[in-house]
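Since we're looking at a predicted model, the values are computed, not measured. Read the numbers this way: they start at 1 and go in the same order the structure lists the ligands and their atoms.
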Amino acid sequence: MRISPQDASLRTCEICALAPVMPVLVVEDAAHARPLAESLVAGGLPALEVTLRTGAALDVIREMAQVKGGVVGAGTLITPKDAEAAKEAGARFGVSPGATDYLLDACESIGLPLLPGAATATEAMRLLARGYGMLKFFPAEASGGAPALKAIGAPLPQISFCPTGGISPANAESYLSLPNVVCAGGSWVAPKDLVQSGNWTAIETLARDASKLGKG
Ligand SMILES: O=C(O)C(=O)C[C@H](O)[C@H](O)COP(=O)(O)O
C-alpha cells in the first residue's frame, strides 16, 4: 500500500515518459469525461491530469479511469483529503502545484505516486533530499521558463521535470529539448470551448500534433 518517494518518482517518471505532453484538464461536466479522454488517448496522449478544480472532477476521474489505454491522475492536490478522494476515485497518480509535508506524507501512506511541484533550486533540493527525483516545474513560464529550468539542471542534473504553466505549442520545444525534461504539462490540448461544444475531433487533432512535439 505505502509507496516510497523513490518508487513514486520512478512511477511518475514512467507515466510522464508515455508522451511529450500531459494534458491538464479542467472539466465541468462529467458527461464530457469519456469522449474527452478517448480523443486525447486516440491522439497519442495517454497520461491525463484531471485538476480537482471543479465540482465534477472526482466523477470525471471515475469515468476517465475506465478509458482503455489512458493513465488518469489527479491534479491540484493540496490536502491529504484531496489525495484520498483522488485515489478512491481511481487516480493512478497525483500532481500538486507545490509540496507540503502533510501532502507528501498522505500520498506516501496511501500509495499514490505524487508528482510534487517546485519552482526554485531550494524547493527541488528539499524534495530530492526526501527522495523525489521527478518533479513538476510550476509555474514554468512565470518562473523563468526554459532558461530557468536549464539553469537549475546544471547543478541538479539528477532531477527530472515536467514543466507546467504557460506552455503552448509555441514554447513547448524549448522545454522538451532540455535533458532534464521528460514531458510538458498543458491545458492547450483541451480548450474550454472545444470541450463544451463536444468537438472531440478537433481535440484529437490537437493531441496528435502535441504527441509529435520534441521529436525533431
Ligand atoms: O491545477 C494544478 O494543479 C496546477 O498546477 C495548475 C496547472 O498545471 C496549470 O493551470 C496549467 O497551466 P496552463 O497550461 O498554462 O493552463
Can you see which heavy atom on Thr79 is nearest to which on Leu103, and at what distance? O-CD1, 3.6 Å

Salt-bridge present (Glu28, Arg53; N to O < 4.0 Å): no

Should the pair Asp105-Arg130 be classified as a salt bridge under the 4.0 Å nitrogen-to-oxygen rule? yes

Counting C-beta onward and ignoring hydrogens, is there a side-chain heavy-atom pair between Phe138 and Val95 closer than 4.5 Å? no

Proximal atoms of ligand 1 relative to Gly165 (non-hydrogen, under 4.0 Å): 12 (O), 15 (O)

Going by the atom numbers of ligand 1, which of them fall below 4.0 Å from some non-hydrogen atom of Thr51? 1 (O)

In terms of atom number and element, which parts of ligand 1 are under 4.0 angstrom from non-hydrogen atoms of Glu49? 3 (O)

Just let me know how Glu141 lines up against ligand 1, side chain, backbone, both or neither, with a heavy-atom cut-off below 4.0 Å. neither

Just to be sure I read this right, does ligand 1 sit under 4.0 Å from the backbone of Thr76, its side chain, both, or neither, counting only heavy atoms? both

Return the closest protein heavy atom for atom 13 (P) of ligand 1 as residue, atom name and distance. Ser187 OG, 3.4 Å

Around atom 15 (O) of ligand 1, find the nearest protein heavy atom and jot down its residue, atom name and distance. Gly166 N, 2.7 Å

Taking C-beta and beyond as the side chain, do Leu114 and Ser9 meet within less than 4.5 Å on heavy atoms? no

Ligand 1 versus Trp188, non-hydrogen atoms closer than 4.0 Å: side chain, backbone, both, neither? neither

Among non-hydrogen protein atoms, atom 5 (O) of ligand 1 lies closest to Lys136 NZ, 2.5 Å

Are Glu38 and Arg34 within salt-bridge range, i.e. N to O under 4.0 Å? no

So the atoms of ligand 1 within less than 4.0 Å of a heavy atom of Gly186 turn out to be 14 (O)

Can you check whether Gln158's main-chain N or O pairs, donor with acceptor, with Asn180's side chain at less than 3.5 Å? no

Measure the distance from atom 11 (C) of ligand 1 to every protein heavy atom, then report the residue, atom name and distance (to 0.1 Å) of the closest one. Thr164 CG2, 3.8 Å

How far is atom 9 (C) of ligand 1 from its nearest protein heavy atom, and which residue and atom is that? Arg53 NH2, 3.8 Å

SB check Glu14 Arg11 (cutoff 4.0 Å): yes

